[in-house]
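Counting from 1, the numbers follow the sequence of the chain as shown.
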Amino acid sequence: MTINEFAPKAPLFRDPIYDGAADPVVIWNRQAAEWWMIYTNRRATARGLGVQWVHGTDLGVASSADGGQNWLYRGTLTGLELEWGRNTFWAPEIIWHEDQYHMYVSYIQGIPQQWAGHSRHIIHYTSPDLLKWTYQSRLQLSSERVIDACVHKLPDGKFRMWYKDEDHHSHTYAADSDDLYNWTVVGPVITGRGHEGPNVFILGGSYWLLVDEWRGQGVYQSENGIDWVNQGLILDQPGQREDDQAIGLHADVVVQGEHAFIFYFTHPERKPGQPERTYQDRRTSIQVAKLTVNDGRLICDRNAPFDFRMMAPES
């Protein structure tokens with residue numbers, strides 16, 4: 001067999017309902033024995049005022065039974081509503097721990113017409129199967145405008161959550177927990193220019209933190225998951241594949257042994273600096289690229305061919 005037999009499709013996935021799949025998280029569904037992609041179901045085709053199209057969003061679901069080669073749209077997650085009306089769910093983070101899934105999702109009441117002026121919170125749910133969700137709590141974090149949770153274990157066994165605090169310059173803040181239910185705010189972790197969508201993983205013996213700087217993914221490296229060193233940008237230059245000629249936005253990473261796969265979304269028809277007023281400006285595509293570590297640096301060549309087969313986790 002040749003590597004081309006397992007080359008990923010480009011784009012990897014587009015939402016067939018609203019064509020606005022964004023902020024993907026990719027997780028192994030242990031009950032179904034397949035990979036699931038759960039994402040913000042932006043309503044790229046919707047009419048309305050201002051930025052209503054990015055609000056009122058459900059969490060879309062696509063599944064893959066062949067290691068990520070093909071993705072089947074399955075619908076949206078249900079049973080998440082906390083109050084009456086049409087509300088907004090963004091950017092899920094989902095991890096498996098002690099025989100259940102934990103989801104931390106950004107929540108906004110209603111369908112605002114503008115970006116600012118309303119609170120945003122991170123909500124915790126649990127599930128045995130990624131379908132039946134039980135509300136646990138609204139996390140008390142560093143402000144009333146927090147989104148984009150990411151959770152990973154630290155070397156001491158504690159869990160750390162990284163998230164975007166929009167009331168504090170859109171910097172990445174952190175909170176720690178022993179049990180995934182009770183969280184203590186640590187404070188700012190990545191400052192400087194504003195950013196969002198933190199994602200943390202371990203590859204090549206180091207912790208890595210990616211943040212969406214709206215000009216590509218900022219890369220940070222750490223030996224302990226606490227102290228971070230900036231390593232520049234990836235996905236900052238347009239790619240050559242179909243729908244990949246734009247910067248890579250809000251990513252998730254699945255580690256597979258000595259390499260990893262990064263899932264990100266693009267606005268393939270949007271011109272840099274152009275407002276997202278039309279369907280062509282708003283529509284999105286999910287793409288995947290390979291990550292490796294070479295001489296202590298994270299490498300991502302989005303144009304390079306690679307063998308794309310995701311294996312089930314060992315535990």
[X], [Y]: one ILVMFWY side-chain cluster at the under-4.5 Å cut-off?
X: Val26; Y: Phe201; answer: no
X: Val253; Y: Leu249; answer: no
X: Ile122; Y: Tyr173; answer: yes
X: Ile147; Y: Trp53; answer: yes
X: Val229; Y: Tyr220; answer: no

Worked verdict on Asp58 versus Arg86 for salt bridge (charged side-chain N to carboxylate O under 4.0 Å, His left out): CA-CA 10 Å; Asp58 293 312; Arg86 185 65 171 169; 2.9 Å; yes

Give, for atom [atom1] of [X] and atom [atom2] of [Y], the distance between the pair rounded to the nearest 0.5 Å.
X: Asp236; Y: Ile247; atom1: CG; atom2: CD1; answer: 9.0 Å
X: Ile94; Y: Tyr125; atom1: CD1; atom2: OH; answer: 12.0 Å
X: Asn29; Y: Ile27; atom1: CG; atom2: CD1; answer: 8.5 Å
X: Asp244; Y: Phe265; atom1: CG; atom2: CZ; answer: 13.0 Å
X: Tyr107; Y: Arg138; atom1: OH; atom2: CZ; answer: 10.5 Å
X: Asp165; Y: Glu144; atom1: CG; atom2: CD; answer: 10.0 Å

Is there a donor-acceptor pair under 3.5 Å between the side chain of [X] and the backbone N or O of [Y]?
X: Thr88; Y: Ile111; result: no
X: Gln69; Y: Phe308; result: yes
X: Glu166; Y: Ala116; result: no
X: His195; Y: Thr172; result: yes
X: Ser142; Y: Val185; result: no
X: Glu93; Y: Val151; result: yes
X: Trp71; Y: Leu12; result: no
X: Ser127; Y: Tyr101; result: no
X: His124; Y: Gln136; result: no
X: Arg241; Y: Pro11; result: no

Can you check whether Tyr104 and Tyr163 have ring centres sitting under 6.0 Å from each other? no

May I ask you to check whether His259 and Phe306 place their ring centres under 6.0 Å from each other? no

[X] versus [Y], closest heavy-atom pair with distance:
X: His171; Y: Arg193; result: CD2-O, 4.1 Å
X: His102; Y: Thr126; result: ND1-CG2, 3.5 Å
X: Asp281; Y: Glu276; result: CB-CA, 3.6 Å
X: Thr78; Y: Trp133; result: O-CD1, 4.1 Å
X: Asp252; Y: Pro24; result: CB-O, 3.0 Å
X: Asp15; Y: Ile17; result: OD2-N, 3.0 Å

Does either side chain, that of [X] or that of [Y], offer a donor lying less than 3.5 Å from an acceptor on the other one?
X: Asn182; Y: Thr184; answer: no
X: His168; Y: Ser143; answer: no
X: Asp23; Y: Tyr39; answer: no
X: Gln240; Y: Glu242; answer: no

Quick one: does [X]'s side chain get under 4.5 Å of [Y]'s, heavy atoms only?
X: Arg297; Y: Val219; answer: no
X: Val54; Y: Trp115; answer: yes
X: Leu77; Y: Phe89; answer: no
X: Pro313; Y: Arg30; answer: yes
X: His250; Y: Thr40; answer: no
X: Ser222; Y: Leu209; answer: no
X: Arg309; Y: Gln256; answer: no
X: Leu203; Y: Leu298; answer: yes

Between Leu59 and Met103, is the side-chain contact (heavy atoms from CB on, under 4.5 Å) condition met? List the steps. CA-CA 12 Å; Leu59 299 182; Met103 178 166 68; 3.8 Å; yes

Counting neighbours of [atom1] on [X] that are heavy atoms of other residues, nucleotides or ligands and sit closer than 6.0 Å, is the number greater than 12?
X: Tyr207; atom1: OH; result: yes
X: Gln231; atom1: CD; result: yes
X: Gln31; atom1: CD; result: yes

In terms of side-chain geometry, is the basic nitrogen of Asp212 or Lys164 positioned less than 4.0 Å from the acidic oxygen of its partner? no

Between Arg282, Arg283, Arg277, which is the residue that forms a side-chain contact (heavy atoms from CB on, under 4.5 Å) with Tyr279?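 Between Tyr279 and the candidates, side-chain contact (heavy atoms from CB on, under 4.5 Å) is satisfied uniquely by Arg283.
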
Taking it one step at a time, do Phe159 and His152 satisfy side-chain contact (heavy atoms from CB on, under 4.5 Å)? CA-CA 6 Å; Phe159 294 93; His152 203 290; over 6 Å; no

Given Trp35, which of Phe263, Phe261, Trp28 fulfils the ring-ring contact (aromatic ring centres under 6.0 Å, His included) condition?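 Single ring-ring contact (aromatic ring centres under 6.0 Å, His included) partner of Trp35 among Phe263, Phe261, Trp28: Trp28.
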
Check step by step if side-chain contact (heavy atoms from CB on, under 4.5 Å) holds for Trp208 and Val293. CA-CA 10 Å; Trp208 300 94; Val293 175; 3.8 Å; yes

Audit row: Phe13, Met37, side-chain contact (heavy atoms from CB on, under 4.5 Å) steps and yes/no: CA-CA 10 Å; Phe13 177 76; Met37 179 191 300; 4.1 Å; yes

